[in-house]
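Below: the structure, in structure tokens.
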Amino acid sequence: MSLNTDSNFFTPGKRYFRTFSPGDDFYEALIETHRDLTAEQSAMVNARLILLLANHIGDISVLREAMKIARDGA
């Protein structure tokens with residue numbers, strides 16, 4: 001398995017009329033998750049979210065590929 005970098009956001013059963021809409025829904029939820037948090041709390045939420053999603057993905061090679069791409073863009 002390799003890392004899917006194409007837009008892959010969706011909500012089961014929901015129809016979108018624009019391809020960017022599901023990504024916008026995610027971004028809105030992410031911003032709301034951080035609302036009213038201190039910078040320290042926000043960093044902790046990000047770290048926990050990364051670990052939760054990494055555990056969900058599970059495939060170490062995919063996670064390494066994602067880390068490399070993320071770091072190359074920094």
Any side-chain heavy atom of L63 sitting closer than 4.5 Å to one from I60? yes
Test item: H34 and L30 side chains (from C-beta on) under 4.5 Å apart, heavy atoms: yes
Honestly curious: do V62 and I69 fall in one hydrophobic cluster under the side-chain, below-4.5 Å linking rule? yes
Taking Y27 as the starting point, is it possible to reach I50 by hopping between hydrophobic residues whose side chains are less than 4.5 Å apart?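 Different clusters: I50 never reaches Y27 through Ile, Leu, Val, Met, Phe, Trp or Tyr contacts under 4.5 Å.
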Does a side-chain N-to-carboxylate-O contact under 4.0 Å join R35 and E32?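 Yes.
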Crowding at CE, M44 (>12 non-hydrogen neighbours, <6.0 Å):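 No, not enclosed.
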Over all heavy atoms of both residues, which pair between N4 and D6 is shortest? Give the atoms and the distance, please.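 Taking every non-hydrogen atom into account, OD1-N, 2.9 Å.
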Do you know which two heavy atoms are closest between Q41 and D36, and how far apart they sit?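 Of all heavy-atom pairs spanning Q41 and D36, the closest is OE1-O, 4.3 Å.
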Point-to-point distance, once rounded to the nearest 0.5 Å, from CD of E65 to CD1 of I57: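 So the gap between those two atoms works out to 11.0 Å.
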